[in-house]
J.: 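If you scroll down you'll find the structure; I have some questions about it.
If you read the sequence from its start, that first residue is 1, and numbering goes on from there.
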Amino acid sequence: MEVTTAGFDPVVFKAQQKDNWNNLSSGWDRWYGLFESGAAPVTHRLLDRAALVEGSRVLDLGSGTGQPALDAALLVGAKGSVVGTDQAGDMLGAARRRAGELGLDNTQFLEVDAEQLDFEDASFDAVTSRFSLMFLPDADAVLRTAHRLLRPGGVLTAAVWAGAPQVPLLSLAFGIVGARLGLDAPPAGIPGPFAMSDPAALAGRLRAAGFAEVSYEEYPLSFTPKSAEEFAEFSWDLLPGWLRGQVAQRFGDERDPRTWNAFLSAAREFETEDTSLRVPCLSYAFTAVKAV
C-alpha cells in the first residue's frame, strides 16, 4: 500500500531520494567491486530463479550502477533484451558505461520512476529487483504493474534486506552517526533499506498484487573489505550528504575524529585472523510467478 504516515509526502520523498542517489552515484561506482563481490550470490540466485534463457525479455527495477541488469543481459544473449530502470540518472550513467565495456547491445537503461512505468501488457518474461523495492513509497502499485507487464507464466524475482542489525555493511555507520548526532529513528512505515525486513509481509503483498506462486528464502551474504579503514571509507562515501553535513556542522568536520574512530573500533569487530574483514549480512530472495 502507499505510505500514509503522518507528515510523509511521497512526492517530496521521491525528489529527495533522486537527489540523494545522484549525489551518491560516484561512491557507489567507486565501491562497485566490493559490493558486487559480496552481493553476487543473491544476484545469481535471482537470475537463476527468473529462468532466463536465450531470447528472454527482462525488466530490471532499480538498476543503479548496473546490477542485476548487466548479468541478465549476458544470459539472454543477442536475441534477448534487458531494460534497466532507475530514477537516478547519474547512477545509470555508470550502468551504461559498464554495458559499453561489456559490449552489450541488448541492454538499455531508462531514467524513470518505477511508479510510472509505461510498457505494454505482457511485455516481459521476467522482472527483477535487487534491493530497490524497499525505497518505493507505493511499492504495491509497482508490484501490480510488474504483474501486468509479465507474460502469463512470467516470473518476478526480488531481493530485500533483513533488519538493520542483520545488515551491518549498511547500518553500522548510520547507527554510529545517528547516535553521535542524537537523531531519532525514522518513523515506522517510511521507505528505506530495511523497510521490507518482514518477508512474510512482503510475500502477502506479492499475492495481493496478483501473483499465484510466491516463495522466499533467507540468503546470507558476506562482504569482505580489506581492512577496517576500507570499511570506513566505503561507509563514509555512501552516507547521504545531508548527514555528513550535520556531522560537519555539529563537530566542525564531517570526518570528526571521535565519530571516525568510533566507527573504526566497531568495524574491527569484523576482523578475521589476517585482519581483513568479513561482514555478514542477511537478505531475502523472493520468487513470484504470474499464473498462466
Side-chain angles (χ1 to χ4, degrees), residues 1-5 7-29 46 50 57-70 72-73 81-99 107-150 154 156-161 186-187 189-196 202 205-206 208-211 238 240-242 286 288 290:
M1 61 183 173
E2 185 174 6
V3 174
T4 56
T5 301
F8 178 84
D9 186 330
V11 175
V12 172
F13 174 82
K14 287 195 286 188
Q16 291 171 339
Q17 282 287 291
K18 182 173 182 176
D19 287 344
N20 181 56
W21 289 114
N22 279 326
N23 290 335
L24 292 177
S25 61
S26 61
W28 279 106
D29 193 23
L46 296 184
R57 302 160 298 168
V58 182
L59 172 65
D60 184 42
L61 305 177
S63 300
T65 56
Q67 292 294 2
L70 296 173
S81 62
V82 177
V83 177
T85 64
D86 204 293
Q87 67 166 340
D90 291 352
M91 298 280 278
L92 292 181
R96 294 188 185 103
R97 188 192 73 239
R98 290 192 169 90
T107 309
Q108 60 176 319
F109 289 100
L110 302 179
E111 183 179 345
V112 61
D113 184 337
E115 296 175 12
Q116 299 176 2
L117 298 175
D118 185 21
F119 300 103
E120 293 184 2
D121 292 1
S123 297
F124 298 98
D125 301 299
V127 174
T128 57
S129 172
R130 194 196 66 176
F131 306 134
S132 64
L133 292 178
M134 314 88 70
F135 295 99
L136 300 174
D138 197 354
D140 293 325
V142 175
L143 294 178
R144 292 192 296 270
T145 297
H147 183 269
R148 175 177 62 80
L149 296 179
L150 283 167
L156 177 146
T157 60
V160 299
W161 292 115
I190 297 297
F194 314 114
M196 291 184 172
L202 179 53
R205 296 169 75 172
L206 285 161
F211 289 96
L238 301 181
W242 65 267
F286 284 78
K290 182 174 180 176

J.: Please report the interatomic distance CG(D60) to CZ(F124), rounded to the nearest 0.5 Å.
T.: 10.5 Å
J.: Return the CG to CZ distance between L143 and F211, rounded to the nearest 0.5 Å.
T.: 6.5 Å
J.: Under 3.5 Å, is there a donor-acceptor pair between the side chain of S123 and the main chain of E120?
T.: yes
J.: When rounded to the nearest 0.5 angstrom, what distance separates CD in Q17 from CG in N20?
T.: 5.5 Å
J.: Please give me the minimum heavy-atom distance between L133 and A158, naming the atom from each residue.
T.: CD1-CB, 3.8 Å
J.: Pair up each side-chain donor or acceptor in residues 89-98 with any protein partner under 3.5 Å, not counting sequence neighbours, and list the distances.
T.:
from	atom 1	to	atom 2	distance (Å)
R96	NE	F109	O	3.4
R96	NH2	F109	O	2.7
R97	NE	E101	OE2	3.4
R97	NH1	D29	OD2	3.0
R97	NH2	D29	OD1	3.0
R97	NH2	D29	OD2	3.4
R98	NH1	D29	OD1	3.1
R98	NH1	T65	O	3.3
R98	NH2	D29	OD1	2.6

J.: Is the side chain of K290 donor-acceptor paired with the backbone N or O of G154 at a distance under 3.5 Å, no angle test?
T.: no
J.: Output yes when a side-chain donor or acceptor of S132 lies under 3.5 Å from a complementary backbone atom of L61, and no otherwise.
T.: yes
J.: Would you check if S63 and R130 make a side-chain contact, meaning some heavy-atom pair closer than 4.5 Å?
T.: no
J.: Angle class for the W161/F131 ring planes (parallel below 30°, perpendicular above 60°, tilted otherwise)?
T.: parallel
J.: Do other residues, nucleotides or ligands put more than 12 heavy atoms under 6.0 Å from D118 CG?
T.: no
J.: Kindly compute the distance separating CG (L150) from CZ (F119), expressed to the nearest 0.5 Å.
T.: 12.0 Å
J.: Taking the side chain as every heavy atom from C-beta outward, state whether V83 and V58 have any pair of such atoms under 4.5 Å apart.
T.: no
J.: With distance as the sole test, does D121 use its side chain to make a donor-acceptor pair with the main-chain N or O of L149 at under 3.5 Å?
T.: no
J.: Assess the residue pair Q87 and E111 against the criterion (side chain to side chain contact (heavy atoms under 4.5 Å, CB included)); give the C-alpha distance rounded to whole Å, side-chain angles, the decisive distance to 0.1 Å, and a yes or no.
T.: CA-CA 5 Å; Q87 67 166 340; E111 183 179 345; 5.6 Å; no
J.: Report yes if the side chains of L59 and T128 come closer than 4.5 Å at any heavy-atom pair, otherwise no.
T.: no
J.: Looking only at heavy atoms, what is the nearest atom pair of P137 and E115, with distance?
T.: CD-OE2, 3.3 Å
J.: Nearest 0.5 Å, please: how far is CH2 in W242 from CG in N23?
T.: 13.0 Å
J.: Less than 4.5 Å apart, any side-chain heavy atom of T85 and any of L117?
T.: yes
J.: Please report the closest heavy-atom contact between A146 and L156, naming both atoms and the distance.
T.: CB-CD1, 3.7 Å
J.: So which atom in A73 and which in T107 form the shortest heavy-atom distance, rounded to 0.1 Å?
T.: CB-OG1, 3.0 Å
J.: Can you find a pair of side-chain heavy atoms, one from P187 and one from F8, that are under 4.5 Å apart?
T.: no
J.: Determine whether F286 and L206 make a side-chain contact, defined as any pair of heavy atoms from C-beta on separated by less than 4.5 Å.
T.: yes
J.: Return the minimal non-hydrogen interatomic distance between S129 and L46, and the atom names on each side.
T.: O-CD1, 4.0 Å
J.: By the definition side-chain hydrogen bond (donor to acceptor under 3.5 Å, both in side chains), identify the one residue from D9, D138, D113 that meets it with K14.
T.: D113
J.: Decide side chain to side chain contact (heavy atoms under 4.5 Å, CB included) for V160 and F194; before the verdict, give the C-alpha distance in whole Å, the side-chain angles of both, and the deciding distance to 0.1 Å.
T.: CA-CA 8 Å; V160 299; F194 314 114; over 6 Å; no
J.: I need the D86 CG to K18 NZ distance, nearest 0.5 Å.
T.: 10.0 Å
